[in-house]
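Okay, so here's the structure we're looking at.
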Amino acid sequence: MADIVRVRFAPSPTGYLHFGGARTALFNWLFARKHNGTFILRIEDTDVQRSSVEMVQGILEGMHWLGLDADEGPFFQSSFDEEHRAAARRLLEEGQAYYDFTPKQQKDDTTVQEMIAHRARAQAAAGKERNPYRDLAYEEALRRVEAGEQAAIRLKVPEEGVSRFEDMVYGPQERDYSDIEDLVLIRSDGYPLYNLSVVVDDIAMGITHVIRGQDHLTNTHKQILIYEALGVELPRFGHLPLIMAPGREKLSKRKHGEVVSVTTYRDRGFIPDALVNFLALLGWSPGGDQEIMSRDELIEKFSLEGVNKSSAVFNFHESDPQNWTDPKALWMNAEYMRAMTLDELAPLVAEQLKKFGIWRDEWASSGAAWFAGTIDLLRSRYRTTQDFATLGLPYFSDEFEYEPAAVKKNLKDERLKRLLSGLADRLASIEEFTHDATESALRAYSEEEGVKAGLLINAARTALTGQAVGPGMFDIMMTLGRERTILRLRRAAEFVG
RNA sequence: GCCGCUAUGGUGUAAGUGGUUAACACGCCGCCCUCUCAAGGCGGAGAGUACGGGUUCGAGUCCCGUUAGCGGUACCA
């Protein structure tokens, strides 16, 4: 099979799985599924200082929750250490790389950006200098190394010429060799560096298509140089537009924190398919108007040609409790909650209720029908499954607060003190506690008392749920049942006034 | 500084090889439904395609320049 497809997602475990990473993983996964290929997960943990097992765990969890399990892996880049060194050794022997005895510069992490800029400026002013060790005879260099001298290994980048490749998203790319410095392959303490490790691993794993963030677009030329030095055929490259924070600011794990972490969405009640759908649309479009797409539809329609070249803003508002994340993501999640079957939705809601300590086991057995009916009653007004546990508390528990605004709006009228308990009496005496029977009882009662039915209905809603908004009043009564309805109506009398 | 990428309403995106008044979704506003809030239905405001030049009978679409944002420029990944 000539066109076998093998792709990989290669996160570094220096943080949780954030939106950018998740989107990259998703596109690789879609590409693999689309072409009947293999999706591989490789953890790039060469920077041991900043990597941690918890982060690896977090990434794995996030991917699993999104349904993006790898076909192969997870592999850990650090375990291929020897292969990376061997590749560098080979390039050294072939004269394509050299030992650099320049002492390592100390730098502290907070000022790297400044340092890079400063150094670059200085270099521009002074004119580029060749590395003095580039042409040192290999035998002599080897002697010095064996004598215990520390040296980094650098790739010998050709002095003249242009690096070119055809990006599957961005089209033809080129970069002059003179703009690429002799990159370090192996640090002087012996650790292989990113660019070398990636290439060696991608070769070893038979990666055919490298799909990753646009932040690697110019770095790709460096990696191509390594492929060429190693004498290996190039994979195809496809770079993805970056995801930005509101205001086209760059997305930063440190600054934006949880709102860009996939696990946050799991914890706050997102449906995995909904988030996948939303993520897919961030930087990609199948063309045309369709936006709600199942996994199968996404796979069917996915193509790198549909990937956008410009970066996309992920429009979250962390400080706004109502719209803490992108409104469209929230809308899409709501859309999924409405469209999915109750059998699919119920366990997800149950999970949230358990988390909030208001779950009752009978809702999974004898009360399953009631439970399904109740979430069905509520689903069209909620946007996440967590809303069932927070906004929906009065429907699942007797321990809920009366919202002051609702009390003020619906229980202000002094007459209600008498009317609510009067209504409770009526409801206690009707034969069958059904939607229609309760409604006619309430309407008859309000007519007798000479008040508008609406007054009683709205008051009853607040009496029963502590809220001013919610499903139709008689539906609420049905879901609460006669006993609770009467109890809550009587109890509410004390809030009147 | 240098190299590179990008640029369509507030946000996400449409608009095969340039061809009528720039389309859809989210959000926003209004109306209908109605016991409230959603959902649903209907309607509306909001961009003349970053800016400036070209090419062309005709440009969001091609070319050049400017600006802005972003990425890279590390013995980070």
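Naming convention: chains lettered A, B, ... in sequence-line order (proteins, then strands); numbering from 1 in each chain.
- One atom, CE of A:M332, and another, P of B:rG27, lie 11 Å apart when rounded to the nearest Å.
- For the 3.5 Å distance criterion, the side chains of A:N131 and A:D100 qualify, holding a donor opposite an acceptor.
- Stacking of A:H216 onto the six-membered ring of B:rG72 is not present when judged by under 5.5 angstrom between centres and under 30° between planes.
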Using residues 302-310 of chain A as the side-chain source, report each donor-acceptor pair under 3.5 Å to any protein atom, sequence neighbours left out, with the distance given to one decimal.
{"from": "A:S303", "atom 1": "OG", "to": "A:E305", "atom 2": "N", "distance (Å)": "2.9"}
{"from": "A:N308", "atom 1": "ND2", "to": "A:S310", "atom 2": "OG", "distance (Å)": "3.2"}

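- Two residues, A:K222 and A:G288, neighbour RNA chain B, and the one matched to the more 5' nucleotide by heavy-atom proximity is A:G288.
- The shortest distance between the side-chain N/O atoms of A:R248 and the OP1/OP2 oxygens of B:rA68 is not below 4.0 Å.
- Sorted by first and then second residue, the ring-ring contact (aromatic ring centres under 6.0 Å, His included) pairs involving residues 434-465 of chain A (not counting sequence neighbours) are A:H435-A:F474.
- Taking atom CG of A:L251 as the reference point, atom C1' of B:rG71 lies 14 Å away to the nearest angstrom.
- Regarding A:N315, its CG atom lies at a distance of 13 Å from the C1' atom of B:rC28, rounded to whole Å.
- We find that A:K328 and A:E291 are joined by a salt bridge, their nearest charged nitrogen and carboxylate oxygen being less than 4.0 Å apart.
- By the side-chain contact (heavy atoms from CB on, under 4.5 Å) test, A:T341 is found to be paired with A:D343, A:E344, residues two or more places apart in sequence or in another chain being considered.
- Between A:Y402 and A:F400, the ring-plane angle classifies as parallel under the 30° and 60° cut-offs.
- Among residues two or more places apart in sequence or in another chain, the side-chain contact (heavy atoms from CB on, under 4.5 Å) test is passed with A:S261 by A:Y16, A:T263, A:T264.
- Looking at A:D215, its side chain has no donor and acceptor atom pair within 3.5 Å of the base of B:rA77.
- Relative to the ring axis of A:W324, A:R268 places its NZ or CZ within 45° and under 6.0 Å from the centre.
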List, with names and distances, any nitrogen or oxygen atoms from the protein found under 3.5 Å away from nitrogen or oxygen atoms belonging to nucleotides 40-49 of chain B.
none

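- Rounded to a whole angstrom, the distance from the C1' atom of B:rA23 to that of B:rC33 is 29 Å.
- Counting any heavy atom pair closer than 4.0 Å across all strands shown, A:S188 reaches a base atom.
- Side chain A:S380 to base B:rA38: a donor-acceptor pair is found below 3.5 Å.
- For the P atoms, the distance from B:rG43 to B:rG52 is 35 Å, rounded to whole Å.
- Distances shown here put every side-chain N or O of A:K250 at or beyond 4.0 Å from the OP1 or OP2 atom of B:rG69.
- The pair A:E83-A:R85 does not meet the salt-bridge criterion, since no charged nitrogen lies less than 4.0 angstrom from a carboxylate oxygen.
- At the phosphate of B:rA38, neither OP1 nor OP2 sits under 4.0 Å from any side-chain N or O atom of A:R383.
- Within the 4.0 angstrom heavy-atom criterion, no nucleotide atom of any strand lies near A:H239.
- Going from atom CG of A:L183 over to atom P of B:rA77 covers 12 Å, rounded to whole Å.
- Residue A:P286 is classed as having no contact, given no heavy-atom separation below 4.0 Å to the nucleic acid.
- Salt bridge status for A:R42 with A:D201: present, with a side-chain N to carboxylate O gap under 4.0 Å.
- The salt bridge (charged side-chain N to carboxylate O under 4.0 Å, His left out) search around A:R383 returns none, not counting sequence neighbours.
- Residue A:E44 is in sugar-phosphate contact alone, with no base atom involved, counting any heavy-atom pair closer than 4.0 Å across all strands shown.
- Look at B:rG48: its glycosidic torsion is within 90° of 0, and that puts it in the syn range.
- What separates CG of A:D289 from P of B:rC26 is a distance of 11 Å, to the nearest Å.
- What separates CG of A:N333 from C1' of B:rC26 is a distance of 14 Å, to the nearest Å.
- Qualifying salt bridge (charged side-chain N to carboxylate O under 4.0 Å, His left out) partners for A:D387, counting only residues two or more places apart in sequence or in other chains: none.
- For the pair A:R426 and A:E448, the salt-bridge criterion is met [side-chain N within less than 4.0 Å of a carboxylate O].
- Contact annotation for A:M244: backbone-only contact, meaning every heavy-atom pair under 4.0 Å involves sugar-phosphate atoms and none involves a base.
- Nearest-nucleotide positions on RNA chain B for A:D100 and A:V307 put A:V307 closer to the 5' end.
- Base engagement by A:T102 is indicated by at least one non-hydrogen atom pair under 4.0 Å involving a base atom.
- With a 3.5 Å limit on both pairing distances and Watson-Crick or G-U wobble geometry required, the stems of 3 or more pairs in RNA chain B span B:1-7 with B:67-73, B:10-13 with B:23-26, B:28-32 with B:40-44, B:50-54 with B:62-66.
- Contact annotation for A:G283: backbone-only contact, meaning every heavy-atom pair under 4.0 Å involves sugar-phosphate atoms and none involves a base.
- Ion pairing of A:K301 with A:E297 is absent here, as no side-chain N (NZ or NE/NH1/NH2) approaches a carboxylate O to less than 4.0 Å.
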Within the sub-3.5 Å range, which N or O atoms of nucleotides 30-37 of chain B have a protein N or O partner, and how far apart are they?
{"from": "B:rC35", "atom 1": "O2'", "to": "A:N458", "atom 2": "OD1", "distance (Å)": "2.8"}
{"from": "B:rC35", "atom 1": "O2'", "to": "A:N458", "atom 2": "ND2", "distance (Å)": "3.3"}
{"from": "B:rC35", "atom 1": "O2", "to": "A:R461", "atom 2": "NH2", "distance (Å)": "2.6"}
{"from": "B:rC35", "atom 1": "N3", "to": "A:M473", "atom 2": "N", "distance (Å)": "3.1"}
{"from": "B:rU36", "atom 1": "O4'", "to": "A:N458", "atom 2": "OD1", "distance (Å)": "3.3"}
{"from": "B:rU36", "atom 1": "O2'", "to": "A:A468", "atom 2": "O", "distance (Å)": "3.2"}
{"from": "B:rU36", "atom 1": "N1", "to": "A:R461", "atom 2": "NH1", "distance (Å)": "3.4"}
{"from": "B:rU36", "atom 1": "O2", "to": "A:R461", "atom 2": "NE", "distance (Å)": "3.4"}
{"from": "B:rU36", "atom 1": "O2", "to": "A:G470", "atom 2": "N", "distance (Å)": "2.9"}
{"from": "B:rU36", "atom 1": "O2", "to": "A:G470", "atom 2": "O", "distance (Å)": "3.2"}
{"from": "B:rU36", "atom 1": "N3", "to": "A:R461", "atom 2": "NH2", "distance (Å)": "3.1"}
{"from": "B:rU36", "atom 1": "N3", "to": "A:G470", "atom 2": "O", "distance (Å)": "2.5"}
{"from": "B:rU36", "atom 1": "O4", "to": "A:G470", "atom 2": "O", "distance (Å)": "3.4"}
{"from": "B:rU36", "atom 1": "O4", "to": "A:G472", "atom 2": "N", "distance (Å)": "3.2"}
{"from": "B:rC37", "atom 1": "O2", "to": "A:R381", "atom 2": "NH1", "distance (Å)": "2.8"}
{"from": "B:rC37", "atom 1": "O2", "to": "A:G470", "atom 2": "O", "distance (Å)": "3.4"}
{"from": "B:rC37", "atom 1": "N3", "to": "A:R381", "atom 2": "NH1", "distance (Å)": "2.5"}
{"from": "B:rC37", "atom 1": "N3", "to": "A:G470", "atom 2": "O", "distance (Å)": "3.4"}

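- Shown here are the side-chain contact (heavy atoms from CB on, under 4.5 Å) partners of A:V451, two or more places apart in sequence or in another chain: A:R415, A:L419, A:S446, A:E449, A:L455.
- Using P as the reference atom, B:rU56 and B:rC51 are 23 Å apart when rounded to the nearest Å.
- Look at CZ on A:F278: it is 14 Å from P on B:rU11, rounded to the nearest Å.
- Of the candidates B:rC75, B:rG72, B:rG12, B:rC75 carries the atom nearest the A:A152 side chain, counting heavy atoms from C-beta on.
- The salt bridge (charged side-chain N to carboxylate O under 4.0 Å, His left out) search around A:R338 returns A:E335, not counting sequence neighbours.
- Nucleotides B:rC76 and B:rU66, compared at atom C1', are 34 Å apart to the nearest Å.
- Nucleotide B:rG12 holds its C1' atom 16 Å from the CG atom of A:L240, rounded to whole Å.
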For nucleotides 3-7 of chain B, print each protein N/O atom paired with a nucleotide N/O atom at under 3.5 Å, atom names and distance only.
{"from": "B:rC5", "atom 1": "O2'", "to": "A:Q214", "atom 2": "NE2", "distance (Å)": "3.0"}

